[in-house]
S.K.: 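Dropping the structure in here first, questions after.
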Amino acid sequence: MSQVFHDIEKKIIASLKDNSKQTPETLEESTKLSPDQIRRGIEWLKLKDLAIVDESKKSVYSLGKNGIESLQKGLPERRLLDLLKDGPRNLSDLQKELGAVFGPAMGLSKKNNWIEAPSGQISLKNPPSEIPGEKILSQIGSGKVSERNIDKNDLLVLLKRPDFIIEDVIKTKEISLTDSAKSINLSESSGAIDVEAKVPEVFVARTHPLKDTIDEIREIFVTLGFSEIIGNITQSSFWNFDALFTPQDHPARELQDTFYLDGVMAKKIATPEQIRKVSASHKKNWRYYWDINEARKMVLRTHTTCVTIKHLAENKPDEARVFSLGRVFRNEKVSYKHLIEFNQIEGVVVGKNATLRDLMGIQREFYKRIGITKIKFWPTFFPYTEPSLQTMVYNERLGKWVELFGMGIFRPEVTKPLGITKPVLAWGGGIERIAMLKYDLDDVREFYNNNLSWLRSATKCQ
Ligand code: PHE
């Protein structure tokens, strides 16, 4: 079977057959391909073991500030020696004539025994015919010279001195064909791209399917005109339960349902007015002794509704569309549909004319956008909403209806004590449940199993 090559590969191979060692730049010239095409073509050929890339570095040199000055006037020490040609001179005269380079010129000349200075008079002693560095200086001249044709020792002398010589390291790539590439007969290879050819499987880094679902949900609510609010993962029982009109002896508050922070009590849970009015609402409507210490107990939030209610209490909006998204915790037995730690999406619409019908409409729209169409609404109970509904959606995989979002209109017992005067439509539910439907899973634990083969195969676009 003849191999199939891309046009780019063919051009590169042909050019390398004519001229066996080339840089990407010469290949560009000979093939008339763009730098990017050359780069890609070389990568392809390398992967197929058809091309070898040799990378090497070489230095080129040019003159720095002091080098250029020395090229024109001579090295400092040369200038000093020249001044002494016609006999001894005194130190201050030389200093005047040489200026800034006097010091280095004197130092070097003395060290090398080229001069002697018995009493303020400087004279020649053993002047050299050629000073180290002079040759390289004229070689480099004003142009650039490469490593190969340079006297190393001479170069080193000037490289050590400041600003005489500038070294630039240039990286080069040399491309050549492997033996198997040399025997390729290009006229036999077909020009078409074999779209069914096997490619190596590549496992690139990718986001987790659950994270994708979270991002998608966030995107949907933002597109629907909602803004995101965020709150703490640990909350006082006051905001997680009391402010939501959940009585202090409600079963949801028990240790087997809720994670408490062992012995941690919130100092300041709310404003005195909020505490007074919320507790009054409990006392009046549930008729029991409301205990502030119960409200101070810190919990891992059991739902995101605490974030919603706190936001509403702090802002008392007449109109709002907000959502929050994040982890919640329930002390429950883990099963195919329950985790102790999972994600919730929660939203509210506040508005003077907001109705239950609007609430159901928003749900339908959201489900449609996420790709869920088989849904129904079912009455249910939450301490903080009236009426209360839940959405049931059909999970084809499980072959049954599963509950998804809880929702309702906040009761006046919740809103009034906190100064919220307009109707609040609220809903919330588990994100993993939605992701299960999207990824056609029958066990929610799969999201946390780190099962690589599933993670790699889960399709990105549903
Ligand atoms: N907090 C409820 C839950 O966790 C959902 C809900 C939110 C219900 C808002 C009504 C209103 O299931």
Side-chain angles (χ1 to χ4, degrees), residues 214 217 221 226 228-233 235-247 250-254 257-259 299-313 317 320-332 335 337-351 354-364 366-367 375 377-393 401-415 418 420 422-436 444:
I214 291 174
I217 292 175
F221 278 108
F226 287 76
E228 186 168 355
I229 54 174
I230 43 178
N232 292 341
I233 276 176
Q235 296 274 349
S236 65
S237 293
F238 183 83
W239 291 110
N240 195 77
F241 295 122
D242 297 284
L244 289 163
F245 198 52
T246 307
H250 192 282
R253 291 204 183 205
E254 284 182 26
D257 292 305
T258 299
F259 289 111
V299 302
L300 291 182
R301 66 182 183 198
T302 62
H303 50 187
T304 37
T305 317
C306 48
V307 178
T308 305
I309 195 64
K310 205 167 172 205
H311 173 83
L312 296 179
R321 279 170 170 253
V322 293
F323 73 98
S324 70
L325 207 157
R327 288 214 166 196
V328 300
F329 306 82
R330 304 243 174 113
N331 198 352
E332 281 179 319
S335 74
K337 61 172 181 173
H338 288 118
L339 294 165
I340 57 170
E341 184 179 343
F342 59 100
N343 290 278
Q344 270 197 342
I345 166 73
E346 163 114 10
V348 289
V349 169
V350 185
T355 66
L356 191 69
R357 190 171 284 274
D358 298 321
L359 178 55
M360 290 160 75
I362 293 167
Q363 304 307 300
R364 253 184 219 291
F366 169 74
Y367 292 134
I375 60 169
F377 293 94
W378 211 249
T380 188
F381 172 81
F382 298 103
Y384 35 95
T385 48
E386 179 60 35
S388 305
L389 297 176
Q390 72 188 26
T391 348
M392 306 287 285
V393 300
W401 292 90
V402 291
E403 60 187 75
L404 211 55
F405 283 7
M407 74 200 71
I409 300 178
F410 276 154
R411 304 175 70 107
E413 290 89 340
V414 174
T415 50
L418 296 170
I420 304 158
K422 299 290 181 301
V424 179
L425 314 177
W427 67 91
I431 291 178
E432 279 79 352
R433 294 253 174 110
I434 297 177
M436 270 172 90
V444 67

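Note that ligands are numbered from 1 as they come in the structure, with each ligand's atoms numbered from 1 the same way. All of these numbers come straight from a predicted model, not from anything done at the bench.
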S.K.: Please check if the distance between the ring centroids of Phe382 and His303 is under 6.0 Å.
M.R.: no
S.K.: Hey, is Arg330 close enough to Glu332 for a salt bridge, meaning N to O under 4.0 Å?
M.R.: no
S.K.: Can you tell me how far the CZ atom of Phe377 sits from the CG atom of Leu404, to the nearest 0.5 Å?
M.R.: 10.5 Å
S.K.: With under 30° as parallel and over 60° as perpendicular, where do the rings of Phe226 and Trp427 fit, or are they tilted in between?
M.R.: perpendicular
S.K.: Here's a test for you: under side-chain contact (heavy atoms from CB on, under 4.5 Å), which of Thr415, Thr385, Val414 qualifies with Phe245?
M.R.: Val414
S.K.: Could you list, one pair per line, each nitrogen or oxygen of ligand 1 together with any protein nitrogen or oxygen closer than 3.5 Å, giving atom names and the distance rounded to 0.1 Å?
M.R.:
from: ligand 1; atom 1: 1 (N); to: His303; atom 2: ND1; distance (Å): 3.1
from: ligand 1; atom 1: 1 (N); to: Thr305; atom 2: OG1; distance (Å): 2.8
from: ligand 1; atom 1: 1 (N); to: Tyr384; atom 2: OH; distance (Å): 2.8
from: ligand 1; atom 1: 4 (O); to: Arg330; atom 2: NH2; distance (Å): 3.0
from: ligand 1; atom 1: 4 (O); to: Gln344; atom 2: NE2; distance (Å): 2.9

S.K.: If you round to the nearest 0.5 Å, how far is CE of Met407 from CG of Leu359?
M.R.: 5.5 Å
